[in-house]
Protein chains: 2
Amino acid sequence: MNIYDIAKIAGVSIATVSRVVNDSPRVSEKTKRRVRAVMEEYQYTPNVFARGLGLDSMKTIGIICPDVADSYMAAAVAFLERRLREYGYDCILYSSSHQQEKKEQAIELILKKRIDALVLVGSTYAGNGSDDDSTGYIKRAAEKIPVFLINGHLEGKNIYSVYSRDYQATFDVTSKLIESGRKQILFLTDSRSYSARKKLEGYEAALKSHGLPVRGELKVYTKNQVHYVRDILLSRRDLEFDSVLATDDGLAVGAVKYAHARRKKMPEELSVIGYNNSELSVCCEPELTTIDNTGEKLCNITIDNMMKLLGGQKDIPKEVPVDCCLVKRCTTDF
Amino acid sequence: MNIYDIAKIAGVSIATVSRVVNDSPRVSEKTKRRVRAVMEEYQYTPNVFARGLGLDSMKTIGIICPDVADSYMAAAVAFLERRLREYGYDCILYSSSHQQEKKEQAIELILKKRIDALVLVGSTYAGNGSDDDSTGYIKRAAEKIPVFLINGHLEGKNIYSVYSRDYQATFDVTSKLIESGRKQILFLTDSRSYSARKKLEGYEAALKSHGLPVRGELKVYTKNQVHYVRDILLSRRDLEFDSVLATDDGLAVGAVKYAHARRKKMPEELSVIGYNNSELSVCCEPELTTIDNTGEKLCNITIDNMMKLLGGQKDIPKEVPVDCCLVKRCTTDF
DNA sequence: CTGAAAGCGCTAACAT
DNA sequence: ATGTTAGCGCTTTCAG
């Protein structure tokens, strides 16, 4: 069943059928009804390829994230997908891992699909802070289609960034920790991404502004796996710390497990603060105080901006920062 | 830059360029090299639409699951996506929720994309057990393209099912519970899907085979949210139980939280068993004994079968059950 | 308001 | 081994 068949049956030309399919105003209601009836009866579905060929667009948005299995990413992807569908867009999904080469490859592949826009979820796409060409591939992609970063930030033509104020969040919470009497705050992270760097900067700035030294050994990089983190911490018998600020809830839960193993009371002997307000934060014992970086909000703003842009609007903000909020639970005394 | 431009520049016909793109053996190495050089130089990318139009395939697989934000689904989708990419396939992703209407709609939409095959993740697509036409839409989809169910089972032409032996798993673990002295085993679930039904059946069969009564009040349906589950359990002061078998780790963690609130010792006063061996199972305290339904294995088998089928092979098994395995941790005494 | 016809870029059968 | 050409199904001027 193609457009010719329908045209023949309905006794009109293919142009008219096409107009009906696209709901053009230049067709009489009567004709529209007749054609629609035929399409209905014969279960006609326009061929998306042919359509794409003509329009050079398939109403699909590309989404790339390092790993959909990560709960934060998964939530974002789920949310994006749902909202995009409301607007009649499809999603094609790529996982790129964090490796530079794979990330470049993912973008190259996805661009071939003639997507209408590209969404990059996660600050891993905002470069690693070095001044090599680690983000060049994104800028090149932006020459072809608009690129939207979620929780990352990159300057460039046709690149739009929505990110959370991680610097401010860690600055504030580190300050609270210090003001409640903590002096040895362990910074626990698994990443050197844009957002991880901002978190670190906020942490360090807070230490400095309270006259505390920034000690290298109190920054620990580890894999994001509960038991792995616990064991790393247990093995570092030299390290003394009275609180932990983690860049992800998984890491923070590792710290909680460490505290159990060492029989340290929380929050008295060890304060722990997680990040992302994920399901994990409410599973451990005691439950985690965590920073909610409001992924949903970031996604919403991104989608809104994208739809405006694809709709032809021009005044889209190049970057919009969003405040985090602290979810107080039981691993801190504030 | 299209195939004509390249042909002109390389001084060959478009047919030759096309052959080079598709790596046909009927082109001399010399010509191939020359054409490739031109394609490289001008950054030529074949137009997927035009290609799709001719071949009526775009080398993409549709994936539908109720909710990618769910960690089990997310892991499956991540895994599928990665492996499909290895085979040069793209993924288009739809979340359908559990509502019948939305599920039907998702399939209808995704079929329009001319995907090469459809993967349905989650036993929600295996019907609700009633004998109405709740799975008819899937059978209709299978008339057009092969449909692969992951962790579900459906008879039908062109439908291939890979699922875990949930019945056996719950039968075994319930038996162990009974043999270790438990008599009041609470069955905790959030679903009436195919797999949830199988789990329930295994549980009931084990009770019966040990001469224990199947008590309706010991089956509780709830939302899959840690605190919600805890509160439900706390509110049912009438209910007495010495162990919990949950159909998902999230539910099981809820039960653990309940035990804390009631100051019940685990596993002595309350045994808890989760399902899916998710990250959550290792976050709570004590850590959950859980049934691993080996989602990765299910995905792998599915992909292997799919590639065989798309490659033209005919002898694909219509259904393959996979054994679960019990991950023993601290909420049980076996 | 409707129709005829020219592409869109590629594949594949047919010819050389 | 390479070229010619007829579609694939749709959108979109351009005419009427």
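Chain A is the first sequence line, chain B the second, and so forth, proteins listed ahead of strands; every chain is numbered from 1.
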Would you mind listing every salt bridge (charged side-chain N to carboxylate O under 4.0 Å, His left out) that reaches into [range], with sequence neighbours excluded?
{"range": "residues 109-127 of chain A", "result": "A:Asp56-A:Arg114, A:Lys113-B:Asp90"}
{"range": "residues 136-161 of chain A", "result": "A:Asp133-A:Arg140"}
{"range": "residues 9-25 of chain B", "result": "B:Asp23-B:Lys32, B:Asp23-B:Arg36"}

Quiz item: Is the distance from OP1 or OP2 of D:dA1 to the nearest side-chain N or O of B:Thr31 less than 4.0 Å?
Solution: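 No, outside the criterion.
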Between protein and nucleotides 10-12 of chain D, what N or O pairs are separated by less than 3.5 Å?
unit_1	atom_1	unit_2	atom_2	d
D:dC10	OP1	A:Tyr44	OH	2.3
D:dC10	OP1	A:Asn47	N	3.1
D:dC10	OP2	A:Ile3	N	2.4
D:dC10	N4	A:Tyr4	OH	2.9
D:dT11	OP1	A:Asn22	ND2	3.1
D:dT11	OP1	A:Arg51	NE	2.9
D:dT11	OP2	A:Ser18	OG	2.6

Self-check item: Residue that, paired with A:Tyr125, satisfies side-chain hydrogen bond (donor to acceptor under 3.5 Å, both in side chains) out of A:Ser134, A:Ser96, A:Ser161, A:Ser193
Solution: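 Checked A:Ser134, A:Ser96, A:Ser161, A:Ser193 against A:Tyr125; only one passes side-chain hydrogen bond (donor to acceptor under 3.5 Å, both in side chains): A:Ser96.
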Quiz item: If you draw a 6.0 Å radius around CD in B:Glu86, do more than 12 non-hydrogen atoms from other residues or ligands fall strictly inside?
Solution: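 Enclosed: over 12 neighbouring heavy atoms sit under 6.0 Å from CD of B:Glu86.
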Exercise. Could you tell me whether B:Lys297 atom NZ has more than 12 heavy atoms of other residues or ligands within 6.0 Å of it?
Key: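 No, NZ of B:Lys297 has 12 or fewer neighbouring heavy atoms, counting only those of other groups under 6.0 Å.
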Practice problem: Map B:Arg26 and B:Leu53 onto DNA chain D by nearest heavy atom, then report which one ends up closer to the 5' terminus. | Solution: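 The residue mapped nearer the 5' terminus is B:Arg26.
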Quiz item: Would you call B:Lys308-B:Asp315 a salt bridge at under 4.0 Å N-O?
Solution: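 The answer is no: the pair does not qualify as a salt bridge.
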Quiz prompt | A:Lys103: salt bridge (Lys or Arg N to Asp or Glu O under 4.0 Å) partners, not counting sequence neighbours | solution =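 Residues passing salt bridge (Lys or Arg N to Asp or Glu O under 4.0 Å) with A:Lys103: none at all.
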Quiz item: On DNA chain C, which is the earliest and which the latest nucleotide, 5' to 3', with an atom closer than 4.0 Å to a heavy atom of chain A?
Solution: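 Nucleotide range in contact with chain A: C:dC1 to C:dG9.
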